[in-house]
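First the structure, which I've put down as structure tokens, then a few questions once you've had a look.
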Amino acid sequence: VAGNFSTSGGTATFTTTANATITGNISGTGAITMGSGTLTAGASWTNNGTFTARTGTVNYNGSSQTIAPLTYNNLTISQSGGNASLAADATVNGILNLSSGNLAVTDPYALTMGGSATTIGAKDVTGIVKRTSLVAGTEYTFGNQYTTIIFRNVGTLPTDVSVKISIGSAPVWKTGAIQRTYDIIQNGASGSFATINL
């Protein structure tokens, strides 16, 4: 679709064999139901209706886009310029692909990763990344494919873990330092231990 796309008063269905590209704004009060294809969004998405992700992928490939607060299956951030932003809570249940451009989550909102969700790509999420379904021995990613936490099978695991990520500048006294700050928050844990890779 070249231009804006509105579901007002209707339903848009993307079948399991179809990919769709919308270059303009997406809006409306109707329903968007995906199959296994990819919906590429080139501009803003105002969700006033319903969205069903199924097994599909939403790819934001515009410039400095605002990401819709939805529950995604797979979410790809492939910005042609700038970084994407999220100013509300959203969820990814499948693959978060940060191929081009970071995803900035505005505090106090969070990007929640589903129980089997993973992160790939060279970029980062900044802000809060949250996990609520934790199983011992599983490697969980938090905003980057190399930022991981694995809980040992001991004690009581947390009911949820959030990692708040900031990207900054290397200090003058260590110019080769990794330019990240992490705040890790857990709830409900007792006697649990984790291996953390940052």
Which atoms form the tightest heavy-atom contact between T71 and A53, and what is the distance? O-CB, 3.6 Å
Interatomic distance, CG@L39 vs OG1@T21, rounded to 0.5 Å, equals 8.0 Å
Between CD1 of I165 and CG of D183, what distance do you get to the nearest 0.5 Å?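 Rounded to the nearest 0.5 Å, the CD1-CG separation comes to 9.5 Å.
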N187 and T159: side-chain hydrogen bond (donor to acceptor under 3.5 Å, both in side chains), yes or no, with the steps? CA-CA 6 Å; N187 290 303; T159 55; 5.4 Å; no
Check this for me: N153, atom CG, are more than 12 non-hydrogen atoms of other residues, nucleotides or ligands nearer than 6.0 Å? no
Drop me the distance from Q179's CD to S169's OG, to the nearest 0.5 angstrom.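 Separation between the atoms: 6.0 Å.
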Report yes or no: does Q186 contribute a side-chain atom to a donor-acceptor pair with the main-chain N or O of L157 at less than 3.5 Å?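 No, the answer is negative, given that no donor and acceptor are paired below the 3.5 Å cut-off.
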At their closest point, which heavy atom of Y109 faces which heavy atom of A87, and how far apart are they?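 Heavy atoms of Y109 and A87 come nearest at CE1-O, 3.3 Å.
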Tracing side-chain links under 4.5 Å among I, L, V, M, F, W and Y, which residues wind up in one group with I120? I95
Out of curiosity, S85 OG to I67 CD1, how far, rounded to the nearest 0.5 Å? 7.0 Å
Quick check: closest heavy atoms across R54 and M34, and the distance to 0.1 Å? CD-O, 2.8 Å
Just by distance, do the side chain of N144 and the backbone of Y146 share a donor-acceptor pair under 3.5 Å?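 Yes, because the side chain of N144 sits within donor-acceptor range (under 3.5 Å) of the backbone of Y146.
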Can you see whether T119 engages T141 through a side-chain donor-acceptor pair at a distance of less than 3.5 angstrom?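 Yes, a side-chain donor-acceptor pair sits under 3.5 Å.
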I167 and V125: same hydrophobic cluster, using ILVMFWY side-chain contacts below 4.5 Å?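 No.
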Using a side-chain heavy atom cutoff under 4.5 Å and only I, L, V, M, F, W and Y, what cluster partners does I178 have? none
Quick one: do N97 and T57 satisfy side chain to side chain contact (heavy atoms under 4.5 Å, CB included)? Show the steps, please. CA-CA 10 Å; N97 183 352; T57 299; over 6 Å; no
Treating Ile, Leu, Val, Met, Phe, Trp and Tyr as nodes and any side-chain heavy-atom pair under 4.5 angstrom as an edge, say whether I150 and V163 lie in one connected cluster. no
Do I26 and T46 come close enough that some side-chain heavy atom pair is under 4.5 Å? no
Within the structure provided, determine whether V161 and I184 are in side-chain contact (heavy-atom separation under 4.5 Å).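 Touching, per the 4.5 Å side-chain cut-off.
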Please walk me through it: do N73 and N93 pass side-chain hydrogen bond (donor to acceptor under 3.5 Å, both in side chains)? CA-CA 5 Å; N73 177 50; N93 287 318; over 6 Å; no
To the nearest 0.5 Å, what is the distance between CZ (F151) and CZ (R131)?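 Between F151 CZ and R131 CZ, I get 11.0 Å after rounding to 0.5 Å.
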Show the nearest heavy-atom pair for residues I22 and N25, with the distance to one decimal.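 Taking every non-hydrogen atom into account, CG2-O, 4.5 Å.
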Would you say L98 ends up clustered with I128 if hydrophobic residues are merged whenever their side chains have heavy atoms under 4.5 Å apart, either directly or through other cluster members?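 As far as the 4.5 Å side-chain criterion goes, L98 and I128 are not connected within one cluster.
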Just do the side chain to side chain contact (heavy atoms under 4.5 Å, CB included) check on T7 and I32 with the steps written out, would you? CA-CA 8 Å; T7 63; I32 295 177; 3.8 Å; yes
Could you list the cluster mates of I185? Members are the ILVMFWY residues connected by side-chain heavy atoms closer than 4.5 Å, either directly or through other members.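 So far as hydrophobic clustering goes, I185 is joined with none.
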Electrostatic pair K130:D89 at N-O distance under 4.0 angstrom: no
Kindly indicate whether the side chain of S80, heavy atoms from C-beta on, has any atom under 4.5 Å from the side chain of N61.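 A side-chain contact is absent here, since even the closest heavy-atom pair is not under 4.5 Å.
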Would you check if the side chain of S166 reaches a backbone N or O of G127 as a donor-acceptor pair within less than 3.5 Å? no
Before giving the answer on side chain to side chain contact (heavy atoms under 4.5 Å, CB included), spell out for Y140 and T147 the whole-Å C-alpha distance, their side-chain angles and the decisive distance to 0.1 Å. CA-CA 8 Å; Y140 296 105; T147 302; over 6 Å; no
If you group Ile, Leu, Val, Met, Phe, Trp and Tyr whenever their side-chain heavy atoms sit less than 4.5 Å apart, what else falls in with F193? V154
Non-hydrogen atoms of A31 and T50 that approach each other most closely: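 Result for this residue pair: CB-OG1, 3.0 Å.
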Within residues 96-111 or reaching into it, pairs that qualify as salt bridge (Lys or Arg N to Asp or Glu O under 4.0 Å) - sequence neighbours excluded: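 Passing the test, one end in residues 96-111: D107-K164.
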Ring pair (Phe, Tyr, Trp, His ring centres under 6.0 Å) pairs touching residues 32-81, sequence neighbours excluded, are W45-F51
CA sep, side-chain torsions, deciding dist, call: K123, L103, side chain to side chain contact (heavy atoms under 4.5 Å, CB included): CA-CA 8 Å; K123 298 299 183 176; L103 173 57; over 6 Å; no
Give, for atom OG of S133 and atom CG of D160, the distance between the pair rounded to the nearest 0.5 Å.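 If I round to the nearest 0.5 Å, the distance is 10.0 Å.
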Which heavy atom of A90 sits nearest to which heavy atom of L86, and what is that distance?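 Heavy atoms of A90 and L86 come nearest at CB-CD2, 3.7 Å.
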Does the pair S78 and N59 meet the rule for a side-chain hydrogen bond (donor to acceptor under 3.5 Å, both in side chains), with working shown? CA-CA 7 Å; S78 59; N59 175 21; 2.6 Å; yes
Are L134 and P158 side-chain neighbours, meaning at least one heavy-atom pair lies under 4.5 Å? yes
So, the side chain of R180 versus the backbone of L198: is there a donor-acceptor pair under 3.5 Å, distance only? no
